[in-house]
Amino acid sequence: MKSPVRVRFAPSPTGFFHIGSARTALFNWLYARHTGGKFILRIEDTDKERNSAEFLQVILDSMRWLGMDWDEGPEVGGDYGPYFQSQRTELYRAKLKELADKGKAYEKDGAWWLRLEGARAMVFDDHLKKEIEKVSAAPMVLQDLVRGRVERAEDRDFVIFRSNGEPVFHFVNVVDDIEMKITHVIRGEDHLSNTSKHLEIFKAFGATPPEYAHIPLILKTDGPGKMSKRDRGALIEEYQQRHYLPAAVRNYLCLLGWTPTDGREVLPIEDIISQFELSAIHQSNARFDERKMAHINTQTLRALPADEFNALAKPILSAAHLIDESISSQRLAEVLAIVQEKVISLEHLPEFVGFFFTTSFKKDENALANLTKKGGDPRARIQELLPHLESSAWTESGLESAFNAAASAHQRKPTDFFAPARFATSGQGGGPHLLGVLRVLGRDTTLSRLKSFIA
RNA sequence: GCCCCCUUCGUCUAGCCCGGUCCAGGACACCUCGUUUUCACUGAGGUAACUGGGGUUCGAAUCCCCAAGGGGGCGCCA
């Protein structure tokens, strides 16, 4: 019987949470959940210079925001801790000694090096621009779960413990994967070439390496290279601040390097989990496209149950000072009910619905210009419409009749009155269904806004 | 410079493993048109791709080779 899957995400808290890291974490998490295995969070903080507690917190927060819970790691514990590499130094020293005793590692220039097996010769290295000792070691063969067979030979000994007494990434990464009984390493393709180093270390320990799955990288929207922290849209916090739905961000991230088998692009996480397979991960890099993510966000937002939508909308409207605690949940629900199917994002919600709550709503000059261009004088239209609305029943069908009556009285189309009425009451050129807007706005507000428009 | 990976519409991709059903399908974006109830919606339609060259084959997006392009790695960073 195969041992249960244990995967890990091993970030080093040296910066904000990058979208590429998030996607790597996500694929690990998905695989754990798909297989019923364990998802372990391990903090690779061996570089004291560059690590910070603030960045660690950002990573933990972002992971939770995206709904990626870990079974072992910081704040939750586990049987293989500690989960901070900075707290595992004694283990690494012991492991180094083990290799040294076996003659697999040696000291030079104060640092410890892994000794490769093979013939040695001094060779000038074009990249390093100096003469170094190269080793003709046998190639390491990797049977990668997404790349297939990859063969690569290391050609020189490499440092595993620095002269300052701290271990190097390649070493701690492998030691911890052994100690934590990691069965599958799912990581970015940028580590593919490093894997031969890791396999050499496994070999030195006489340990069986885990399965590997090297996933494609996320490239910049335009321009060369992979996404870097400085690129627009690269940081998870940004989406959090902009009120993106975490489920939508997560959904989009899944699409970068993997395709759901049932043909849907927007789908619930349970379905993603059940369809997710490492063998279906793509081999080629994907370019980041924020517009597609925004689209998925819109779809997800529209599909939300009304009460969830309202719960998300309320604090956003409060923060924009459009509503306060005095608003009844009934009133709020009434407004949001006609808005949810039209708004494109929670970020845009305040400007989209502001006119319901304040008389000092913004007027879209473009919309006004358009209005005059298309339908003649908007003030004349409101003038013609007003009496019909004043005598109207304040229901959508009543309002509809009023528009129709105004139209036939002045030999016009009902739609000729729509844009002027919308602009006069909301300052917008578009928005939720107009009759719904007027209904929810109420008779008094509607009439007074129309009157002040023509005043 | 050396090594590794990749290569279908502008972008994300389906198809490729098991060659014919693909004059290549979907989605985002873009463009057009429609709705006597607007629109950031919705409906209909459109533009647009198998990197190039050689092979194998009756037949290749699918198999093989080469080239080119893209990406990554080569640190006492992770």
Side-chain angles (χ1 to χ4, degrees), chain A residues 10-15 21 44-47 49-51 85 108-113 124-129 134 139 142 144 146-148 150-156 158-170 172-173 188-197 214 216-217 219 221-222 224-226 252 255-259 261 263-266 279 282-296 298 302 341-345 348 352 375 396 399-400 403-404 407 412-423 428-437:
Chain A
S12 65
T14 56
S21 305
E44 305 216 327
D45 53 353
T46 52
D47 184 351
E49 306 289 301
R50 302 201 299 147
N51 288 293
Q85 291 185 330
K108 188 181 86 181
D109 303 332
W112 284 86
W113 301 66
F124 185 82
D125 184 282
D126 287 319
H127 183 70
L128 265 33
K129 306 261 186 276
K134 295 230 174 168
L142 166 66
D144 192 276
V146 344
R147 308 275 148 186
V150 178
E151 211 180 282
R152 186 170 188 277
E154 285 300 315
D155 64 354
R156 46 187 290 233
F158 55 91
V159 172
I160 53 179
F161 244 83
R162 301 186 192 109
S163 52
N164 68 3
E166 288 173 28
V168 163
F169 159 72
H170 302 298
V172 295
N173 194 262
E189 200 230 53
D190 47 350
H191 286 295
L192 188 56
S193 295
N194 286 151
T195 306
S196 44
K197 277 194 182 70
H214 285 93
L217 268 23
L219 269 27
T221 303
D222 33 45
K226 57 175 175 173
Y252 175 70
L255 265 25
L256 252 23
W258 177 76
T259 308
T261 47
R264 284 183 297 169
E265 285 192 324
V266 183
S279 59
H282 307 155
Q283 304 193 322
S284 51
N285 296 338
R287 226 169 257 284
F288 176 73
D289 182 0
E290 196 188 330
R291 288 186 298 190
K292 183 136 186 173
M293 179 159 68
H295 172 256
I296 289 173
T298 303
R302 300 242 171 96
E341 59 172 7
K342 294 291 180 179
V343 72
I344 57 169
S345 72
H348 290 96
F352 195 70
E396 288 185 30
L399 292 166
E400 184 177 356
F403 275 87
N404 289 339
R412 294 196 161 272
K413 295 180 293 184
T415 43
D416 289 345
F417 300 95
F418 270 70
R422 177 185 294 285
F423 184 82
Q428 305 289 306
H433 190 286
L434 180 64
L435 300 180
V437 168

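Just so we're on the same page: letters track the sequence lines, and every chain starts at 1.
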Asks: How close or far is atom P of B:G70 from atom CG of A:L192, stated in whole angstroms?
Replies: 20 Å
Asks: To the side chain of A:R422, which of B:C28, B:A78, B:U38 is closest?
Replies: B:U38
Asks: Just to verify, which of A:L219, A:D222, A:T221 counts as forming a side-chain contact (heavy atoms from CB on, under 4.5 Å) with A:F288?
Replies: A:T221
Asks: Contact class for A:T259 (heavy atom, under 4.0 Å): base, sugar-phosphate, or nothing?
Replies: sugar-phosphate
Asks: Among B:C6, B:C28, B:C41, find the nucleotide with the atom closest to the side chain of A:Q283.
Replies: B:C6
Asks: At 4.0 Å (heavy atoms only), tell me whether A:N285 reaches a base, stays on the sugar-phosphate, or touches nothing.
Replies: sugar-phosphate
Asks: Give the nucleotide from the list B:A78, B:C5, B:A27 with an atom nearest to the side chain of A:E189.
Replies: B:C5
Asks: Tell me which nucleotide among B:C76, B:C39, B:C5 gets nearest to the side chain of A:V150.
Replies: B:C5
Asks: For A:G263, answer base if it contacts any base atom (sugar-phosphate contacts may also be present), sugar-phosphate if it contacts only those atoms, and nothing otherwise; contact means non-hydrogen atoms under 4.0 Å.
Replies: nothing
Asks: Would you check if A:H127 stacks with the base of B:G1, given a 5.5 Å centroid limit and a 30° plane limit, both strict?
Replies: yes
Asks: Could you work out which one of B:C76, B:G71, B:G72 sits closest to the side chain of A:L219?
Replies: B:G71
Asks: Check every strand shown and say whether A:P216 touches a base, only sugar-phosphate, or nothing at a heavy-atom separation below 4.0 Å.
Replies: nothing
Asks: Verify, without hydrogens or angle tests, whether A:K292 (side chain) and A:D289 (backbone) share a donor-acceptor contact under 3.5 angstrom.
Replies: no
Asks: Counting the atoms with a prime plus P, OP1 and OP2 as sugar-phosphate, which does A:E265 contact under 4.0 Å by heavy atoms, base, sugar-phosphate, or nothing?
Replies: base
Asks: Could you tell me whether the phosphate oxygens of B:A14, OP1 or OP2, come under 4.0 Å of any side-chain nitrogen or oxygen in A:H282?
Replies: yes
Asks: Rounded to the nearest Å, what distance is computed from the CZ atom of residue A:R264 to the C1' atom of nucleotide B:G25?
Replies: 19 Å
Asks: Can you measure A:D289 atom CG to B:G10 atom P for me and round it to whole angstrom units?
Replies: 14 Å
Asks: Has the side chain of A:S193 got a donor or acceptor atom sitting under 3.5 Å from an opposite partner on the base of B:C74?
Replies: no
Asks: How long is the line joining CG of A:N173 and C1' of B:A78, in whole Å?
Replies: 9 Å
Asks: Looking only at atom C1', what distance separates B:U8 and B:G26, rounded to whole Å?
Replies: 13 Å
Asks: Looking only at atom C1', what distance separates B:G19 and B:A60, rounded to whole Å?
Replies: 6 Å
Asks: Among B:U36, B:G71, B:A78, which nucleotide sits nearest the side chain of A:T415?
Replies: B:U36
Asks: Return the nucleotide paired to B:U7: Watson-Crick means purine N1 to pyrimidine N3 with N6-O4 or O6-N4, wobble means G-U with N1-O2 and O6-N3, both under 3.5 Å.
Replies: B:A68
Asks: What nucleic acid atoms does A:G148 come within less than 4.0 Å of, heavy atoms only: base, sugar-phosphate, or nothing?
Replies: nothing
Asks: As a test of reading the structure: which of B:A40, B:G71, B:C12 is closest to the side chain of A:F352, going by heavy atoms?
Replies: B:A40
Asks: Please work out if A:D109 contacts a base, only the sugar-phosphate, or nothing of the nucleic acid, heavy-atom cut-off 4.0 Å.
Replies: base
Asks: Ignoring backbone atoms, establish whether A:T46 has a side-chain N or O less than 4.0 Å from OP1 or OP2 of B:A78.
Replies: yes
Asks: Between the side chain of A:T415 and the main-chain N/O of A:F418, is any donor-acceptor distance below 3.5 Å?
Replies: no
Asks: Grab the CG-P distance between A:L256 and B:U13 for me, whole Å please.
Replies: 6 Å
Asks: Please classify the nucleic acid contact of A:K413 as base, sugar-phosphate, or nothing, using heavy-atom distances under 4.0 Å.
Replies: nothing
Asks: For A:H191 and A:F169, I'd like to know if the aromatic rings sit close, meaning centre-to-centre distance below 6.0 Å.
Replies: yes
Asks: OP1 or OP2 of B:C3 less than 4.0 angstrom from a side-chain nitrogen or oxygen of A:K134, does that happen here?
Replies: no
Asks: Whole Å only: how far is the CZ atom of A:R412 from the P atom of B:U38?
Replies: 18 Å
Asks: Using a heavy-atom cut-off of under 4.0 Å over every strand shown, decide if A:A286 touches base, sugar-phosphate, or nothing.
Replies: sugar-phosphate
Asks: Would you check if A:H433 stacks with the base of B:C39, given a 5.5 Å centroid limit and a 30° plane limit, both strict?
Replies: no
Asks: Using a heavy-atom cut-off of 4.0 Å across all strands, would you classify A:L128 as base, sugar-phosphate, or nothing?
Replies: sugar-phosphate
Asks: Please check if any side-chain donor atom of A:E44 sits under 3.5 Å from a side-chain acceptor atom of A:N173, or the reverse.
Replies: yes
Asks: Taking B:C76 as the reference, what is the distance to B:C17 when you measure between their C1' atoms (whole Å, please)?
Replies: 44 Å
Asks: Rounding to a whole Å, what distance do you find between A:R287:CZ and B:U7:P?
Replies: 15 Å
Asks: Could you tell me how far B:G25 sits from B:U36 if I compare only their P atoms? Round to whole Å.
Replies: 33 Å
Asks: Would you measure the distance from the C1' atom in B:G72 across to the matching atom in B:U57 and give it in whole Å?
Replies: 36 Å
Asks: With heavy atoms under 4.0 Å as the rule, sort A:E151 into base, sugar-phosphate or nothing.
Replies: sugar-phosphate
Asks: Tell me which nucleotide, if any, is Watson-Crick or G-U wobble paired with B:C50 when both distances must be under 3.5 Å.
Replies: none
Asks: For the side chain of A:D190, starting at C-beta, report the closest nucleotide among B:A40, B:C12, B:G73.
Replies: B:G73
Asks: Which value, in whole Å, describes the distance between the C1' atoms of nucleotides B:A27 and B:C65?
Replies: 35 Å
Asks: Rounding to a whole Å, what distance do you find between A:D416:CG and B:U36:C1'?
Replies: 9 Å
Asks: What nucleotide, of B:A14, B:C5, B:G73, holds the atom closest to the side chain of A:R152?
Replies: B:G73
Asks: Any donor and acceptor pair, going by atom type alone, linking the side chain of A:E166 with main-chain N or O of A:F161 inside 3.5 Å?
Replies: no
Asks: Can you find a donor-acceptor N/O pair under 3.5 angstrom joining the side chain of A:K292 to the base of B:A27?
Replies: yes
Asks: Between the main-chain N or O of A:H214 and the side-chain N or O of A:R147, is there a donor-acceptor pair closer than 3.5 Å?
Replies: yes
Asks: If you go through the side-chain atoms of A:N194, does one of them form a donor-acceptor pair with the base of B:A78 closer than 3.5 Å?
Replies: yes
Asks: Is the shortest side-chain N to carboxylate O distance from A:K134 to A:D125 below 4.0 Å?
Replies: yes
Asks: In Watson-Crick or G-U wobble terms, both distances under 3.5 Å, what is the partner of B:C2?
Replies: B:G73
Asks: Looking only at atom P, what distance separates B:A78 and B:A67, rounded to whole Å?
Replies: 36 Å
Asks: Rounding to the closest angstrom, what is the interatomic distance between B:C22 and B:C16 at atom C1'?
Replies: 12 Å
Asks: Kindly say whether A:I344 contributes a backbone atom to a donor-acceptor pair with the side chain of A:T298 at under 3.5 angstrom?
Replies: yes
Asks: Cation over ring, A:K197 on A:F158, under 6.0 Å and within 45°?
Replies: yes
Asks: Mind checking if A:L217 touches a base, just sugar-phosphate, or nothing, with heavy atoms under 4.0 Å?
Replies: sugar-phosphate
Asks: Under a 3.5 Å cut-off for both contacts, is B:G45 paired Watson-Crick or G-U wobble with anything, and if yes, with which nucleotide?
Replies: B:C31
Asks: From C-beta outward on A:I344, which listed nucleotide comes closest to its side chain: B:C5, B:A40, B:C76?
Replies: B:A40
Asks: If each of A:E341 and A:L255 is mapped to the nucleotide of RNA chain B with the nearest heavy atom, which maps nearer the 5' terminus, i.e. the 5' end?
Replies: A:L255
